[in-house]
Each structure stands twice: as structure tokens, then as C-alpha cells.
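For the numbers below, each heavy atom of this structure counts, side chains included, while hydrogens, waters and symmetry mates do not.
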Amino acid sequence: MHDLKSLRDNPAAFDANWARRGLPPQTPAILELDEKRRKLQTELQTAQSRRNEASKEIGTVKSKGGDAGALMAEVASLKDKMATLEIQEKEVADQLTDVLSALPNMVADDVPDGEDENSNVEVRIFGTPKKSNSAVPDHVAIGEALGMMDFDAAAKVAGARFSVNKGGIARLHRALAQLMLDTHTTEHGYTEVDPPLLVNDEVMYGTTQLPKFRDDQFGTTDGRWLIPTSEVVLTNLVRDEILENFEEPIRMTAMTPCFRKEAGSAGRDTRGIIRQHQFYKVEMVSITRPEDSEAEHQRMTECAENILKKLELPFRTIVLCSGDMGFAARKTYDLEVWVPSQEKFREISSCSNCGDIQSRRMKARFKRPGAKDTEFVHTLNGSGLAVGRALVAVMENYYDPEDGGIFVPKALLPYMGGVTKIVKAG
RNA sequence: GGGCAGGUGGCAGAGCGGUUGAAUGCGCUGCUCUCGAAAAGCAGUAUGGGUGCAAGCCCAUCGAGGGUUCGAAUCCCUCCCUGCCCGCCA
């Protein structure tokens with residue numbers, strides 16, 4: 001949702017910003033609806049006011065035993081008028097809401113312009129991608145050779161875009177999640193949360209999955225949704241709140257499965273576990289005051305980077321251009337890890353500052369000491385990290401061509417129960 | 001799943017058809033008193049929206065959505081949620 005008041009004051013700025021995402025001017029239609037709505041509302045409120053007044057008079061007259069017939073007739077005619085106005089007002093208001101909730105967030109000033117991923121800008125790079133004389137097998141080949149990844153079994157029980165990991169690889173996956181959670185909670189100041197994985201419509205609307213991205217979501221037969229990321233739940237924990245004494249950012253992290261239909265991704269990344277209907281992700285969410293969100297965004301991105309540094313995986317950080325950013329984001333940093341089999345950097349984390357677009361939808365506010373009015377908080381979210389993709393990166397970057405095994409990264413040793421290398425059983 | 005009891009302001013808790021956006025208490029803010037503090041007294045203290053230069057005025061909101069009525073926090077219907085008991089089950 002967008003701030004109608006400031007849109008009224010400066011429609012040109014809104015259109016100019018949306019143009020950076022390639023959208024045609026939106027404000028003429030919005031302002032027309034807005035004006036129409038306010039006119040109807042004022043008219044309706046005038047009628048309601050008179051109705052309230054007349055009803056009070058009727059009460060007074062009746063209590064004195066007088067005849068309130070004329071007043072009652074007046075109210076009766078007002079009611080007809082009000083019923084019509086109410087319907088019209090609701091219709092226009094709904095249209096306005098539909099238009100506004102389908103429009104993406106304002107792009108931050110320092111985001112580079114561009115149409116697609118080709119205009120994204122590398123901010124920094126860590127480590128050196130391993131050069132190999134012979135091609136490194138991909139994680140599927142490695143996992144299947146070890147007998148620890150079984151995609152046929154996954155297809156049998158669930159279908160395409162699912163996986164079955166076993167033994168050392170399953171443990172490696174769990175160890176990665178453990179490292180991430182422990183790092184965020186003990187070193188980065190995040191509070192661990194164990195949230196519901198099924199949520200209602202309002203929550204999905206709050207973080208902008210609804211109404212626009214309904215087709216990407218798995219719904220349940222009783223009207224709930226499987227979360228596509230724990231950002232949805234964590235962020236909505238402050239919905240409908242007015243925070244008092246709110247100074248320091250609220251920081252939360254969670255490790256949850258995520259469910260996505262990948263409706264628009266047919267044919268992309270069909271091999272392996274890069275893109276599946278179900279995957280685990282450690283998420284970071286921060287709630288801040290408006291003036292703190294920029295710094296928090298940098299901080300959060302560094303928290304995600306720290307995990308890759310601990311794992312000693314080569315990666316780069318890029319800032320997404322205006323045309324490549326997600327719907328809710330004002331600004332987004334992606335972390336891309338080196339995937340040797342593809343000889344490419346692939347996205348493993350996305351950290352976004354969503355400004356107040358989610359908080360407006362969620363009615364998540366705070367009040368400054370002594371202030372009369374409430375303000376909307378800012379919300380940020382970032383993957384810290386996608387566990388499945390981290391597994392791919394570890395498998396391929398720590399692959400030992402000598403025996404087809406996988407060395408365990410130093411940072412994961414505490415979680416592997418003495419195992420230093422994953423090798424084929426027996 | 002069955003039965004019972006409930007959902008009111010930051011909290012507790014009245015109200016059960018009319019002037020109640022809502023008594024009272026607690027909390028919080030300001031003032032008075034005091035050398036200061038406490039106590040006491042006085043005043044204020046919801047959210048969203050419309051309108052206006054402003055002061056202000058107006059509308060909506062007592063879990064949500066419908067309905068009855070001139071008028072609903074109060075009556076009726078549906079749904080949601082909470083507590084307790086029974087049943088079932090990781």
C-alpha cells in the first residue's frame with residue numbers, strides 16, 4: 001500500500017519512480033478514484049451525521065411523549081440515500097485498494113536504473129573461484145555417486161522438484177542450518193523464532209504475496225497458505241501493533257521449510273536442488289524506525305555474507321537494478337555464491353529493505369515518546385542463507401576429485417560429530 | 001469433534017436498546033503542594049478517516065461480517081479466536 005496523502009501532494013514523483021521499474025504513469029487514475037471516493041465519503045458522512053442527530057431528537061421527543069413521526073420519516077429517506085452512497089463508496093474504495101495494492105514499492109534513490117539482471121551492479125567480491133582443469137561434476141552427480149541423493153525416490157513420493165537426501169549429505173544440510181542459526185543468534189543479535197508454517201490471507205497480504213502473487217503459493221483446503229518464506233510469518237509478528245519505546249531494531253531469525261509453486265519457472269533449473277517446491281531457508285527479519293533501515297540493511301547483508309565467509313565459499317554481492325527488484329523492495333542486495341559445475345555465481349541470498357510498504361499493509365506502527373501521531377515501521381528481510389543452495393555450494397566447492405568425496409568445511413566440523421569428510425559408504 | 005463460558009480503551013473491569021467513544025480502578029503525561037521525594041489534589045491520556053489556513057467540526061471503530069431498529073457495545077444470524085470439561089491424537 002502507498003501513502004495516498006503524499007501521492008496527492010506529489011504525484012509526479014510517484015510516476016517518475018514507477019517509471020524506473022518500467023511502469024506507465026499510474027497517478028492520474030489513482031487521483032481520479034481518490035477524489036471520487038472522498039466526494040462520496042463526505043456526502044455519506046453528512047447524511048450519517050444528520051441521521052445521528054435526528055435519532056437523538058427522536059429519543060428526546062419520545063421520552064417526553066411527543067410525536068416523532070416527521071423526524072422518523074426524514075431518517076427513513078436518509079437511509080435510502082445512505083444505502084446507495086455506501087455501495088458506491090465501497091465500490092470506488094475497493095477499486096482504489098486494488099490499484100494501489102498491485103503497485104510495487106518505491107525504488108530507493110541510490111539503486112541503479114536498468115531493465116533486467118544485466119544492469120545489476122557488483123558491489124564486492126570475496127574469495128577466488130576455484131580453477132579446475134577438468135570440469136567439476138555437479139551436486140547431483142556427486143550426491144548420486146555417493147548414494148546420498150535420490151531424485152527417483154523423490155519423484156516417486158512427491159513428483160518433480162523434490163529431493164531425498166540421505167546419510168552424510170542430509171547431515172551436512174542440517175549442519176549448515178545449525179551454523180547459520182547459531183551465528184545469527186550468538187554473534188549477530190537475532191532472536192530465534194519457531195513459527196507456524198501455515199498462515200492466513202491477511203498475513204500473506206501484509207507481506208505482499210497476496211493479491212498479486214497468488215499463483216506462486218500453495219494453499220490448503222481450509223483456506224490457509226504454506227509459507228513461501230518465513231519472512232511472511234516473522235514480519236507479520238508486528239502486524240496491528242503500535243510499538244512503544246521503539247528504538248533498537250527488532251531482529252528475528254528462523255529456519256523453516258519454504259514452499260513455492262515456481263509457476264513461472266518451467267524449464268529453469270530443473271536439475272538438482274537449486275529450485276524446488278520445498279526447501280529450507282534460514283531467514284533474517286528486522287523491524288526498524290525509518291531512519292535506521294538503511295544502516296540495518298547494510299548490517300543484515302553483512303550478516304549473510306559472514307556465513308559464506310565462515311564457509312570459505314567464493315561469492316560476490318550485487319545490488320539489484322530498478323527493473324530486477326522484487327515487488328516489495330526499495331533496495332535489494334543479492335549474494336551470489338560460486339557454483340563450480342556451472343562456472344557461475346548463483347543467488348544464495350537476497351536482502352531487501354522494504355521501507356514501509358509492508359508495514360502500511362500490516363498496520364505495524366510505533367509511537368515516539370511524547371509524539372501524538374503514530375508512524376509506520378520499516379521492515380527488512382534477508383536470507384541467511386538458503387540452506388539447500390548452500391549445500392550445493394559446499395558439495396561442489398569442497399569436492400575431492402580423488403575419491404568423489406566432500407571435505408567438511410572447518411566451520412561445520414562442530415556439527416558433524418567427528419566426520420571430516422563425506423565418502424561413499426562401505 | 002462434542003459441551004459450557006467468554007471476546008469492551010495500555011491493563012483490569014462496568015455497561016446489556018437512546019444524550020456511552022464508552023463508568024470505575026490501575027498505569028502513563030502535565031500541573032499544584034514540597035528543600036526534594038512520596039502521598040494527596042487537579043487536568044489530560046484510543047485508532048483510522050473526511051473537512052478546514054488553523055482552532056475546530058464531523059464520520060467510523062466495543063473480535064469480524066451480515067441483519068433487526070428512528071437509534072445497537074447492548075437484540076438476531078454466520079464466522080473467527082480464547083478459556084475450561086469430555087473425546088481423539090503426534
Side-chain angles (χ1 to χ4, degrees), chain A residues 1-9 30-101 194-206 210 219-225 233 236-247 250 256-257 356-377:
Chain A
M1 195 52 66
H2 300 277
D3 184 8
L4 258 180
K5 281 182 182 164
S6 63
L7 190 145
R8 271 176 222 149
D9 292 341
I30 294 170
L31 290 174
E32 194 187 322
L33 281 170
D34 176 48
E35 202 170 314
K36 205 166 154 191
R37 200 201 108 250
R38 281 188 292 157
K39 191 163 163 282
L40 286 166
Q41 187 182 17
T42 304
E43 213 177 322
L44 174 63
Q45 290 185 351
T46 308
Q48 286 171 328
S49 180
R50 177 57 200 152
R51 188 266 326 263
N52 292 345
E53 198 178 35
S55 291
K56 279 182 188 174
E57 284 178 50
I58 291 169
T60 313
V61 171
K62 279 198 166 181
S63 70
K64 289 175 182 164
D67 175 19
L71 281 166
M72 285 170 71
E74 186 191 349
V75 173
S77 78
L78 273 174
K79 274 178 77 172
D80 289 341
K81 188 180 170 190
M82 280 166 50
T84 312
L85 284 169
E86 259 172 56
I87 292 167
Q88 292 176 337
E89 199 272 346
K90 188 178 185 309
E91 195 182 308
V92 176
D94 286 350
Q95 285 175 23
L96 190 56
T97 305
D98 287 350
V99 173
L100 287 174
S101 44
D194 174 13
L197 307 179
L198 252 38
V199 297
N200 59 33
D201 280 358
E202 289 74 47
V203 162
M204 292 287 272
Y205 175 81
L210 293 180
T220 65
T221 52
D222 68 348
R224 281 179 252 263
W225 302 93
V233 215
N236 273 282
L237 291 178
V238 295
R239 74 174 295 108
D240 280 320
E241 296 283 336
I242 299 176
L243 304 169
E244 304 277 354
N245 303 317
F246 179 54
E247 291 178 3
I250 297 170
T256 68
D356 62 7
I357 194 173
Q358 294 179 326
S359 61
R360 284 180 183 280
R361 290 179 172 222
M362 297 189 300
K363 297 183 175 63
R365 296 153 292 172
F366 73 104
K367 198 180 260 187
R368 296 182 196 272
K372 216 173 82 190
D373 294 324
T374 60
E375 294 174 55
F376 289 104
V377 300

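- Distance check on atom C1': B:C75 versus B:G3 gives 25 Å, rounded to whole Å.
- Atom CG in A:D222 sits roughly 15 Å away from atom P in B:C79 (whole-Å rounding).
- Atom name C1', nucleotides B:G9 and B:A46: the rounded distance is 6 Å, in whole Å.
- Comparing B:A39 with B:G27, their P atoms are spaced 8 Å from each other, to the whole Å.
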Pairwise N/O distances under 3.5 Å, protein to nucleotides 28-30 of chain B:
none

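- Residues A:S49 and A:V75 both approach RNA chain B. Their nearest nucleotides, taken by heavy-atom distance, put A:S49 toward the 5′ side.
- B:G67 and B:C11 have their C1' atoms separated by 34 Å, given to the nearest Å.
- The nearest heavy atom of RNA chain B to A:T42 and to A:K90 marks one nucleotide each, and the one closer to the 5' end goes with A:T42.
- For A:L78 and B:G71, the CG to P distance is 10 Å, given to the nearest whole Å.
- Residue A:R365 has a polar side-chain atom (N or O) positioned under 4.0 Å from OP1 or OP2 of B:G48.
- Counting any heavy atom pair closer than 4.0 Å across all strands shown, A:R8 reaches sugar-phosphate atoms only and no base atom.
- Ion pairing of A:E57 with A:R50 is present here, as a side-chain N (NZ or NE/NH1/NH2) and a carboxylate O approach within less than 4.0 Å.
- For the P atom pair drawn from B:G44 and B:U20, the interatomic distance equals 16 Å after rounding to whole Å.
- For the atom pair CD (A:Q48) and OG1 (A:T46), the distance works out to 9.0 Å, reported to the nearest 0.5 Å.
- Counting all heavy atoms, side chain and backbone alike, A:M82 lies closest to A:L44 at O-CD1, 3.9 Å.
- A pairwise comparison of heavy atoms in A:D373 and A:K367 identifies O-CG, 3.8 Å as the closest pair.
- Ion pairing between a basic and an acidic side chain is recognised when a charged N comes within 4.0 Å of a carboxylate O; A:R37 and A:E89 show such pairing.
- Distance check on atom P: B:A60 versus B:G6 gives 29 Å, rounded to whole Å.
- Atoms CG (A:D240) and P (B:C81) sit 16 Å apart, rounded to a whole Å.
- In this structure, the CD atom of A:Q48 is 19 Å from the P atom of B:G48, given to the nearest Å.
- Atom C1' of B:U61 sits at a distance of 14 Å from the matching atom of B:G65, rounded to the whole Å.
- In this structure, CD of A:E86 is placed 13 Å from P of B:G65, rounded to the nearest angstrom.
- Remark: RNA chain B forms stems of 3 or more consecutive Watson-Crick or G-U wobble pairs, all pair distances under 3.5 Å, at B:1-7 with B:80-86, B:10-12 with B:24-26, B:27-32 with B:40-45, B:46-51 with B:56-61, B:63-67 with B:75-79.
- Looking only at side-chain heavy atoms (C-beta outward), A:M72 and A:K62 come within less than 4.5 Å of each other.
- Spacing between atom NZ of A:K5 and atom C1' of B:G52 amounts to 13 Å, rounded to whole angstrom units.
- In this structure, A:W225 CH2 and A:D201 CG are separated by 6.5 Å, a value rounded to the nearest 0.5 Å.
- Here A:I242 lies in heavy-atom contact (under 4.0 Å) with sugar-phosphate atoms only.
- Within the 3.5 Å criterion, the main-chain N or O of A:F376 finds no donor-acceptor partner in the side chain of A:R360.
- With a 6.0 Å radius and a threshold of 12 heavy atoms from other residues, nucleotides or ligands, A:N245 has its CG atom at or below the threshold.
- One can place CG of A:N52 at 15 Å from P of B:C70, the figure rounded to the nearest angstrom.
- In the interface, the side chain of A:E244 is not paired with the base of B:G10 through any donor and acceptor atom under 3.5 Å apart.
- Using modelled atom types, no side-chain atom of A:D94 and backbone atom of A:T97 make a donor-acceptor pair closer than 3.5 Å.
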At a cut-off of 3.5 Å, list every protein nitrogen or oxygen paired with a nitrogen or oxygen from nucleotides 17-22 of chain B, distance to 0.1 Å.
from: B:G18; atom 1: N2; to: A:S55; atom 2: O; distance (Å): 2.8

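- Not one side-chain nitrogen or oxygen of A:S77 sits closer than 4.0 Å to the OP1 or OP2 atom of B:C70.
- Comparing B:G36 with B:G25, their P atoms are spaced 29 Å from each other, to the whole Å.
- Counting heavy atoms from C-beta outward, A:L7 and A:L31 have side chains that approach closer than 4.5 Å.
- Atom CZ of A:R224 sits in a sparse spot, with 12 or fewer heavy atoms from other residues, nucleotides or ligands closer than 6.0 Å.
- Rounding to whole angstrom units, CZ of residue A:R37 and C1' of B:U51 are separated by 13 Å.
- Using a 4.0 Å heavy-atom criterion, one finds that A:K367 contacts the sugar-phosphate atoms exclusively.
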*asked:* Could you walk me through whether A:D9 and A:K5 satisfy the salt bridge (Lys or Arg N to Asp or Glu O under 4.0 Å) test, starting with their C-alpha distance in whole Å, then the side-chain angles of each, then the deciding distance to 0.1 Å, before giving a yes or no?
replied: CA-CA 6 Å; A:D9 292 341; A:K5 281 182 182 164; over 6 Å; no
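- Residues A:L4 and A:I30 approach most closely at CD2-CG2, 4.0 Å, considering heavy atoms.
- Of the side-chain N and O atoms in A:R51, none sit less than 4.0 angstrom from OP1 or OP2 of B:C70.
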